[in-house]
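Just below is one structure, and these are the notes that go with it.
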Amino acid sequence: MNSIREITAGIDWEILVHDANTGYSAGEKRINELIELSRKKTPDLEIGEDLDLLEVRLGVLYSYEELLEKVVRAFNTCRQIASSHNMVLVPIGFREVDNNPAGGHMHFGSLEKHEHCVELYNRLMPFVPAIISIASSSPSLDRRYRSTRIKHNAGYCSQPMSGMNIEETLPHWGSDVCIKYPDKSTIEFRASDSQPLPELMAELTALYTGLSTKLLQLRKIPYKPNLIEYGLNRMNAVRFGMRATFRINN
């Protein structure tokens, strides 16, 4: 389709913060104190808060080495500070007690044209269930689902995709793959659970970045987007994780 001038990546990694004694949320005040102390120790990172969650944001990243170094440093810094204040970081995808979903969102860039964003959105559709299956890390208590977060569509924050048309369709926030252009020149993958380790967060981001880069470069796509197959495969991924089987081209 086209050659991207600059391959960049980014993450928004949401992490649950529990009180070490009760196992419940540490609360907004303590989470904000954790964020403030973490920012002082790592002023080059964008550590913040999102709906009672700690969120690790690393800005625009230009290499895997940079991604890995920053995400490990951010997590270890926050974990040490949390521990010293009787809090525990729990990087999984769902907290059952208050139905709070946490995600490991990944950004691919830098995209400079709306039509390229739409084309990549459609090309990614057949692959989304596979990434969901690999990234499922929030099993339900009844063990029927490997991603409770996606089962509930992450509280309307990760909804199923729909096909897009360059001339007629406007992008909307909150689908599994989310076009951020023109505000941000990235396409965000929102369907990944929060990961238990920073290394896994980095590896999944590299996988998504590599897949998106290749799909942009191909003249002929390997699989055409099919809403029915995508929907069935998405549900299988949510239910079975890496044990899921998929239907491709019937």
Side-chain angles (χ1 to χ4, degrees), residues 10-59 61 67-107 132 135-143 145-159 173-174 178 188-205 238 241:
I11 66 168
D12 305 324
W13 183 20
E14 300 167 351
I15 300 172
L16 302 164
V17 184
H18 290 188
D19 180 275
N21 295 325
T22 67
Y24 288 90
S25 167
E28 181 179 2
K29 182 180 178 181
R30 295 173 70 193
I31 292 174
N32 284 333
E33 289 174 352
L34 167 61
I35 291 167
E36 184 178 350
L37 292 170
S38 300
R39 282 176 172 173
K40 288 180 179 178
K41 287 220 171 185
T42 56
D44 60 316
L45 305 180
E46 302 174 23
I47 296 170
E49 181 268 343
D50 186 7
L51 299 176
D52 201 37
L53 301 163
L54 174 76
E55 185 170 62
V56 172
R57 299 182 291 266
L58 305 179
L61 304 165
L67 165 61
L68 182 61
E69 187 277 327
K70 285 188 174 181
V71 72
V72 169
R73 177 158 54 92
F75 179 73
N76 287 340
T77 299
C78 293
R79 181 177 59 179
Q80 291 167 5
I81 294 173
S83 178
S84 66
H85 289 74
N86 205 36
M87 292 180 283
V88 179
L89 300 190
V90 185
I92 58 172
F94 197 80
R95 185 165 59 205
E96 297 264 4
V97 70
D98 60 357
N99 294 323
N100 194 4
H105 304 154
M106 304 174 291
H107 291 265
I132 290 176
S136 294
S137 67
S138 58
S140 58
L141 292 178
D142 60 11
R143 299 184 181 182
Y145 293 89
R146 300 305 298 169
S147 177
T148 311
R149 191 184 80 89
I150 298 298
K151 178 199 172 190
H152 295 293
N153 290 328
Y156 301 103
C157 293
S158 185
Q159 303 172 64
W173 179 88
C178 187
E188 180 182 21
F189 192 94
R190 300 185 57 83
S192 292
D193 288 350
S194 179
Q195 295 304 304
L197 294 170
E199 291 84 359
L200 281 174
M201 196 66 242
E203 289 169 3
L204 279 169
T205 303
V238 169

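Every heavy atom of this structure was used, including side-chain atoms; hydrogens, water molecules and symmetry mates were not. Along the sequence shown, residues are numbered consecutively beginning with 1.
For Ser147 (side chain) and Ile150 (main-chain N/O), a donor-acceptor pair under 3.5 Å exists by modelled atom type. Using modelled atom types, no side-chain atom of His107 and backbone atom of Gly10 make a donor-acceptor pair closer than 3.5 Å. Of the possible donor and acceptor atoms, none in the side chain of Ser83 sits under 3.5 Å from a partner among the backbone N and O of Gln80.
Ser158 and Asn153 form no side-chain donor-acceptor contact under 3.5 Å, judged by distance and modelled atom types alone. Checking Asp193 against Ser136 by side-chain atom types alone, no donor-acceptor pair falls below 3.5 Å.
A side-chain contact (heavy atoms from CB on, under 4.5 Å) with Leu54 is found for one member of Val90, Leu16, Ile35 and no other, namely Ile35.
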- Item | Ile31 vs Ser25, side chain to side chain contact (heavy atoms under 4.5 Å, CB included): CA-CA, chis, key distance, verdict | CA-CA 9 Å; Ile31 292 174; Ser25 167; 4.2 Å; yes
- Message: I'd like to know whether His152 forms a side chain to side chain contact (heavy atoms under 4.5 Å, CB included) with Thr148, so could you lay out the CA-CA distance, the side-chain angles of the two residues, the decisive distance to 0.1 Å, and finally the verdict.
- Response: CA-CA 6 Å; His152 295 293; Thr148 311; 3.7 Å; yes
- Message: For a side chain to side chain contact (heavy atoms under 4.5 Å, CB included) check, start with the C-alpha distance between Arg30 and Asp19, then their side-chain angles and the critical distance, and finish with the verdict.
- Response: CA-CA 9 Å; Arg30 295 173 70 193; Asp19 180 275; 2.6 Å; yes
- Task: Test Glu199 against Val72 for side chain to side chain contact (heavy atoms under 4.5 Å, CB included), laying out the working first.
- Result: CA-CA 7 Å; Glu199 291 84 359; Val72 169; 3.9 Å; yes
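With contacts defined as side-chain heavy-atom distances shorter than 4.5 Å, the pair Thr42/Ile47 qualifies. Counting heavy atoms from C-beta on, the side chains of Ile11 and Met201 come closer than 4.5 Å. A 4.5 Å side-chain heavy-atom check between Ser194 and Trp13 finds at least one atom pair inside the cut-off. At least one side-chain heavy atom of Met106 sits under 4.5 Å from a side-chain heavy atom of Ser192. Taking the side chain as every heavy atom from C-beta outward, Phe94 and Ser137 never approach each other to under 4.5 Å. Pro91 has its side chain within reach of Ile15: a pair of non-hydrogen atoms, C-beta onward, lies under 4.5 Å apart. The shortest distance between side-chain heavy atoms of Leu51 and Glu14 does not fall below 4.5 Å. Between Val238 and Arg146, every side-chain heavy-atom pair lies at or beyond the 4.5 Å cut-off.
In this structure, Cys178 SG and Gln159 CD are separated by 10.0 Å, a value rounded to the nearest 0.5 Å. Taking CG of Leu53 as the start and CG of Leu89 as the end, the distance is 11.5 Å to the nearest 0.5 Å. Between the CZ atom in Arg39 and the CG atom in Leu37 there is a gap of 11.5 Å [rounded to 0.5 Å]. Atoms CG and NZ, from Leu34 and Lys29 in turn, are 14.5 Å apart once rounded to the nearest 0.5 Å.
Residues Val71 and Pro198 share a closest heavy-atom pair of CG1-O, 3.6 Å. Taking each heavy atom of Pro101 and Arg149 in turn, the nearest pair found is CB-CG, 3.2 Å. The shortest non-hydrogen separation linking Leu58 to Glu46 is C-OE2, 4.5 Å.
A salt bridge does not link Asp50 with Arg57: none of the charged nitrogens is closer than 4.0 Å to a carboxylate oxygen. Using a cutoff of 4.0 Å between basic side-chain nitrogens and carboxylate oxygens, Arg95 and Asp52 are scored as salt-bridged. Salt bridge annotation for Asp12-Arg190: absent, with no cationic side-chain nitrogen under 4.0 angstrom from a carboxylate oxygen.
The environment of CD in Glu36 is sparse: at most 12 heavy-atom neighbours from other residues, nucleotides or ligands sit within 6.0 Å.
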